[in-house]
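Residue numbers start at 1 and run along the sequence shown. In what follows, every heavy atom counts, from backbone to side chain, and hydrogens, waters and symmetry copies are set aside.
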Amino acid sequence: MTAYSLADSGVLERLNGIPAVDLAANPQPALQGGCRAGAVVREIVRLRAGAGRLTPQEYFWYRLWDLALPAAAKCRFVGKRAQHRMHVACNDRLWFAAAADKLLFQSVMKGIGLPVPELRAVTQPGRIAPRGVPTITDAEAIATFLRRPEEYRLFIKPVGGKYSLSITSADAFDPATDEAILLGGARVPVAQLAESLACGPGYLIQRPLQPAPALASRFGPRLWSLRALVLLRPSGPIIHRAVAKIATGDNPADNFWRAGNMLGAIELSSGVVTRTVSGTGADITVNASHPDTHAPIVGTPIPDWDQATDLVRIAAQALPGIRTQSWDVALTDSGPVLLEVNFGGDLNLAQLAHGAGVLDETYAEHLRQNGYRL
């Protein structure tokens, strides 16, 4: 592992699993808010046995003890255990690679004429990139590429990565020191970066995308993306929930697990952010202003909203074996750009952002059509 790599087996295990919650500290806000300990325990037991299979950790992570939340609304939250079973029921495992392999995904989307980030090189041995894009696999060749000032800026991500782990965002090359200058100003010797890429699992080297001007002018230079939960039905795709993934500070990606990043609930009919969240459980903050510019986020219209949702609906139909899809679409200065699709995806993003569970009648009917028994 290198100092500029975010690959960490502990982080991956934590993100894949049940949310880590301090079960000693998190009940305190519930008790201070007027909940009775016995009632909380009974509710935890009931929700654990319900359709959402919520764990005690998830109960507090979502703050389901809130007395303002009706019992029926709490039953619509889905935990990680149930989520996995639902995705298995709805999705054909033979289609998994179309989502998990970023080069395959990029090639398919580009092949049908949909916008994806510009690919500059691939470092995975034995792979063929779209026409004109070189495959460079040894450290010396990668270093030669990284020493070309005209290639910068660069965004590097694993072909099979998740949660934006092991990414590198490089802004420039300094020939005087033979170093790549990373986002935030850190530096790494080009030879060291090249060796890491050559020895790793294989990477895509892309041009980074620039944020939509309407967002950059109010919230700074970090790129936002749209997370769209899509249910692919026989009648066509339905966008069930939409979330703004809001990058802050010097974070190289907008994933919510990164400190400071936020989520915004998007109203489907208007494309306007109606609620924001940072933190979880006892540390949750709702409807805060942007931490970098202090501009209010609630009420912000998503740029090119109709274009983005049309793009998602078209792209969804290219992957008929994945019937529960979670799309990430960058909101850029040249319009919406497809970043990736998730094989089901984490339902927690939609539930946290909206403060509401996804298991409404629309989602329940989707599950039933795919043979899942509630």
Side-chain angles (χ1 to χ4, degrees), residues 15-19 43-59 61-62 64 70-102 104-105 108-109 112 160 162-163 226-243 268 309 311-329 338 340-354 356-374:
L15 294 174
N16 277 333
I18 304 299
E43 194 165 59
I44 288 173
V45 171
R46 177 171 60 85
L47 292 174
R48 185 168 188 138
R53 302 290 193 273
L54 292 163
T55 64
Q57 291 89 340
E58 288 166 327
Y59 176 85
W61 202 63
Y62 287 118
L64 297 186
K74 298 178 183 184
C75 292
R76 289 193 282 270
F77 280 81
V78 174
K80 282 274 192 173
R81 292 184 304 159
Q83 168 184 293
H84 175 73
R85 296 175 185 174
M86 292 171 179
H87 293 344
V88 168
C90 293
N91 298 328
D92 185 341
R93 62 183 178 84
L94 297 178
W95 282 79
F96 180 74
D101 187 299
K102 302 299 189 290
L104 176 58
F105 169 80
V108 170
M109 293 299 116
I112 58 178
K162 295 178 66 177
Y163 303 115
L226 163 70
R227 166 61 66 95
L229 174 60
V230 177
L231 310 179
L232 193 57
R233 307 282 285 274
S235 57
I238 296 172
I239 299 178
H240 185 250
R241 293 283 174 86
V243 174
L268 291 176
T309 51
L311 175 62
V312 166
R313 292 187 185 97
I314 293 170
Q317 296 174 80
L319 305 170
I322 309 175
R323 291 176 288 275
T324 303
Q325 309 174 354
S326 289
W327 286 87
D328 286 335
V329 182
L338 298 172
E340 64 181 31
V341 64
N342 294 274
F343 195 81
D346 275 339
L347 302 178
N348 60 352
L349 297 183
Q351 295 182 146
L352 284 168
H354 287 266
V358 300
L359 194 55
D360 57 13
E361 183 51 39
T362 298
Y363 197 87
E365 178 59 24
H366 172 71
L367 293 173
R368 286 191 288 266
Q369 286 187 356
N370 285 284
Y372 185 88
R373 296 183 62 184
L374 291 167

Check: Going from CD1 on Ile238 to CG on Leu229, what distance comes out if it is rounded to the nearest 0.5 angstrom?
Finding: 10.5 Å

Next item on the list: Check whether any side-chain heavy atom of Leu359 lies under 4.5 Å from a side-chain heavy atom of Leu374, and answer yes or no.
Entry: yes

Notebook entry, point to check: So, the side chain of Gln351 versus the backbone of Val78: is there a donor-acceptor pair under 3.5 Å, distance only?
Noted result: yes

Notebook entry, point to check: If you round to the nearest 0.5 Å, how far is CG of Leu47 from CZ of Arg76?
Noted result: 12.0 Å

Check: Counting only N and O atoms by type, is there a donor-acceptor contact under 3.5 Å from the side chain of His87 to the main-chain atoms of Thr324?
Finding: no

Item checked: Lys/Arg-Asp/Glu bridge criterion (N-O < 4.0 Å) met for Lys162, Glu340 -> no

Check: So, for Lys80 and Gly17, which heavy atoms are closest and what is the spacing to 0.1 Å?
Finding: CE-O, 3.5 Å

Checklist line | Test item: Arg323 side-chain N/O and Cys90 main-chain N/O as donor-acceptor pair under 3.5 Å | finding: yes

Margin query: Can a donor-acceptor pair be found, under 3.5 Å and without considering hydrogens, that links the side chain of Asn370 to the backbone of Tyr372?
Written below: no

Check: Can you tell me if Arg81 uses its side chain to pair, donor with acceptor, with the backbone of Arg53 under 3.5 Å?
Finding: yes

Item checked: Minimum side-chain heavy-atom gap Gln325-Asn91 below 4.5 Å -> no

Next item on the list: For Asn348 and Trp61, work out which heavy atoms get closest and say how close.
Entry: ND2-CH2, 3.3 Å

Item checked: Interatomic distance, Leu367 atom CG to Met86 atom CE [nearest 0.5 angstrom] -> 5.0 Å

Margin query: Tell me if a side-chain donor or acceptor on His84 pairs with a main-chain N or O of Gly79 at a distance below 3.5 Å.
Written below: no

Item checked: Intermediate values then yes/no, side chain to side chain contact (heavy atoms under 4.5 Å, CB included), Arg313 and Val230 -> CA-CA 8 Å; Arg313 292 187 185 97; Val230 177; over 6 Å; no

Notebook entry, point to check: Taking all atoms of both residues into account, what is the closest heavy-atom pair of Arg241 and Ala356, and its distance?
Noted result: NH1-O, 3.3 Å

Next item on the list: Look up atom CD1 in Ile322 and atom CG in Leu94, then write down how far apart they are to the nearest 0.5 Å.
Entry: 11.0 Å

Check: What are the two closest non-hydrogen atoms of Ile44 and Pro56, and how far apart are they?
Finding: CG2-CG, 3.8 Å

Note to self: Is it the case that atom CZ in Arg93 sees more than 12 heavy atoms from other parts of the structure closer than 6.0 Å?
What the structure shows: no

Notebook entry, point to check: Do you know which two heavy atoms are closest between Thr55 and Arg48, and how far apart they sit?
Noted result: CA-NH1, 4.5 Å

Item checked: Shortest non-hydrogen separation from Ala82 to Gly52 and the atoms involved -> CB-O, 3.4 Å

Item checked: Note, Glu58 side chain near Leu64 side chain (heavy atom, < 4.5 Å) -> no

Note to self: Donor-acceptor pair, distance only, cut-off 3.5 Å: does the side chain of Gln57 make one with the backbone of Ile18?
What the structure shows: no

Check: Taking atom CG of Asp328 and atom CG of Leu349, what is their separation to the nearest 0.5 Å?
Finding: 8.0 Å

Checklist line | ring-ring contact (aromatic ring centres under 6.0 Å, His included) partner of Phe77, the single match among Tyr363, Tyr62, Tyr59 | finding: Tyr62

Next item on the list: Please round to the nearest 0.5 Å and tell me the distance separating atom CG of Leu311 and atom CG of Leu338.
Entry: 4.0 Å

Next item on the list: Determine yes or no for a side-chain-to-main-chain donor-acceptor pair under 3.5 angstrom, with Asp360 supplying the side chain and Thr362 the backbone.
Entry: yes

Item checked: Residue pair His366 / Leu232, side-chain heavy-atom distance below 4.5 Å -> no

Check: Can you tell if the side chain of Leu231 reaches within under 4.5 Å of the side chain of Pro237, non-hydrogen atoms only?
Finding: no

